[in-house]
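These numbers come from a predicted model, not from an experiment. Chain A is the first sequence line, chain B the second, and so forth, proteins listed ahead of strands; every chain is numbered from 1.
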Amino acid sequence: MIVRSAAYAAAAAVCLAWAAGAPPLMAQARRTITIEARSPTELRDWDLRFDSMRRQGELRVRNTREDTQIEGRVHQRSDQYYRGVRVFGGDVSRQSRTGATESAFGTLYEGIELDPAPTITEERVRALVEERAGTPVDRSSGPELVVLPLDEGRYALAWRLRVVSRRDARQYFVDAHTGAAILDFSDRKTQSAVGRARGVLGDTKKISVSSTTGRFLTADMLRPPLIQTYDMQGEPRRVDDFLFGRFTLSTTDLAADSDNDWTDGAVNDAHVYAGYTYDFYFKRFGRRGLNDADIRIQSLVHPVRRIDFFQHVEEFPDFFVNAFYDGGGVMVYGEGLPGGFTLGGQTWDFLAGALDVVAHELTHGVTEYTSNLIYRNESGALNESFSDVMATSAEFFFQPPGTGTLQADYLLAEDVVRPGGLRSMADPGAFGDPDHYSKRYVGTSDGGGVHTNSAIPNHAFYLAIEGGTNRTSGLSVQGVGAPNRDQVEKLFYRAFTQLLPSSATFAVARAATIQSARDLYGPASPAERAVTQAWTAVGVH
Amino acid sequence: MTAPRVLQAWATAAALTLTPFLVLPASAQPSPRVVIGLSGGIQAAATAFSDRFDFDTNVETASADVEYPAASAAIGDVSIGVRLWKRVGAGLSVANATRTGSAQVDARIPHPLFFQQQRSLTGSQAGIRSSETGVHPQLLYTIPAATRLALVLSAGPSVVQLTQDVVTEVTYDETYPFDAVTFRNATTRRRKASATGFNAGVDLRWMFARSIGLGALVRFSRATVDVTADGRTVAIRVGGTQAGVGVRVIF
């Protein structure tokens, strides 16, 4: 009988091994105990068991922490040991109140029978792992000897070594007796990647993305919030369905690239500039994103295709010559116009290609989570103005001052709506916008002229920094000067995010910015003087 | 101390030591056939060396300069000498010098979010081990001084094998907004290489018994070892002035 013979042979091998002083090479029967103790009876039983294990050195306290949410509670974590060797994954968390156990959760392993003395040296393990990982191993952190519960239901004495490189962080387990590789896995929580991206204007910039097997996706894993950019691939119905909550975008909708050398300018700029805007708010004001709590930022690009202009003409202008903030951290960027088409005598490139456009839209998100200025009449114009103010500020933060593309100035969207852009903060009249309160639009279209009357506080912002004379009033302003522009940016930010009510008027904005200047820089400071003179110059009292 | 100055100092010391022996009668000396020596001592600070390597990160090139400062080392020396003709003999000496020190790392790491924004990093990595084993075939010339005293001059080529920890990677910590990095540690690789050089020395031997005595050794050796790590080569000057004392057994 072959089976019986084999069993005898195995038994003989075990006896031989014992005779030679080596551990028996038998498969141990593994038993995994999952602890979910909450009832008094269960807890009493487990407390007794834990105490017994501690006395025998089978359970060792790893750490004890005070509960930061409920006073008087203490949490203790303990690791399971077998003959002085930690059992990987065997641990218990115990919650107590004035010494009495409230709950216990954990996993313990039974049926461990192995020789805890390794025959493979630490140095040999490092060499084996170096060979397997193809990267040097940090010699300052030695391997840890563990008992490893194996998937097939037995245990192995293993050396555990974590290897960190720029690309990955992996845990390697090497059989401590044979040197065989038992297990390895990546424990890097996020697989961030930095790629190279070409923008709409042909400029090259870094792009923060995520990597999966063989692909890179526009999900920024470096910045605190998740910043995702979706390529809608010219399907406006899908955009509508998403905006109206009829379906949810998934990972497969993210823009993807195979070599991390990104060439879709619209995707790239929407993604990168969303990150820049987050950076600007963080570095200038210490703000963490739109809601100051790192809400996710989602950008949708290519809602239509330019070549489908006539096919999707009903989507004009929103998906072609507009960019908008849809609330909840969602932006949509228009595709621009096909070559040879102009609007208002201007060509329209991908709207995401301008930093100030992206920062403008995202600032609507900041307003949404702060003053929530009502989007009509003067409060609506202030809403628009704050987006322009922050957009221009972001531009000056990242770009050198100048008049060409990718340079900071007081024009809005000038990099993608050419020539000239859409608005001017320095000279609103150049675009037919009012530079003085007396010239404000008083009609009802465009929400009461929110995109027109925004030019008045915009111009005040400009004058407060650069100084100059208002053409309508003839009043001069002594600005703080470009080197001190951050003062005016900060006082506007403070006023618009913390002081203004949702139905603020221009007069309230004036008072709030002056108050901010006093708060930040003191009464009679150059900043207070500048902002006061600026509002007066544009006719807001 | 630079190598020429070490040589000069060594030559001066040797000359001063040798002078009295050169005027003593040779007939006073025993003529052992074989001398075995076992010495322990110190090797003066080895020559400092530096390394520089680049690596790609954040789609740019980072660079790291590593300084390995000079440090003295404990040595062990085993030698055997055989008299061939009159005062002339041949010998072989094997010496090992091992030291553990630190390496100073200065690196420039590109920003992950912006081009052309290098972040500086400085740190020190301890536990850098360097071990050099020199095999020194020697021509010996014995100068008897007194009944129990002799001076043995030696010189010859050297083959030195160097085992050196070389920094190959720098790991660092960074958090958003990533405008600064802090040194965490440096990953090292242990590399071996060998080179030929020369050695010259003097051993003062005093026999307090018929076959056993004491010796004081001073030797200078020099070789330049090219150590290869991650595809680059670092030229490391090894050896230096070694001084030690130990027992001498003659047959």
**Study point:** A:Tyr276 portion near chain B, given a 4.5 angstrom heavy-atom threshold
**Key:** side chain
Revision key, fill the gap. Separation between CZ (B:Arg190) and CD (A:Glu123), nearest 0.5 Å, reads 5.5 Å
**Study point:** chain A contact via B:Arg129 - side chain, backbone, both or neither, heavy atoms under 4.5 Å
**Key:** neither
Review point. Above 12 or not: heavy atoms from other molecules or residues under 6.0 Å from CZ of A:Arg198?
Key: no
Check your understanding: Taking atom CZ of B:Arg99 as the centre, does the number of heavy atoms from other residues, nucleotides or ligands within less than 6.0 Å exceed 12?
Key -> yes
Review point. Can you tell me if A:Lys206 uses its side chain to pair, donor with acceptor, with the backbone of B:Asn58 under 3.5 Å?
Key: yes
Check your understanding: Counting only heavy atoms not in B:Lys192, do more than 12 fall under 6.0 Å of its NZ?
Key -> no
Exercise for review: Calculate, to the nearest 0.5 Å, the distance between atoms OG and OH belonging to A:Ser208 and B:Tyr176 respectively.
Suggested key: 10.5 Å
Review point. Among residues 109-117 of chain B, which residues come closer than 4.5 Å to chain A, judged by heavy atom distances?
Key: B:Pro110, B:His111, B:Pro112, B:Leu113, B:Phe114, B:Phe115
**Study point:** More than 12 heavy atoms from other groups under 6.0 Å of CZ on B:Arg52
**Key:** yes
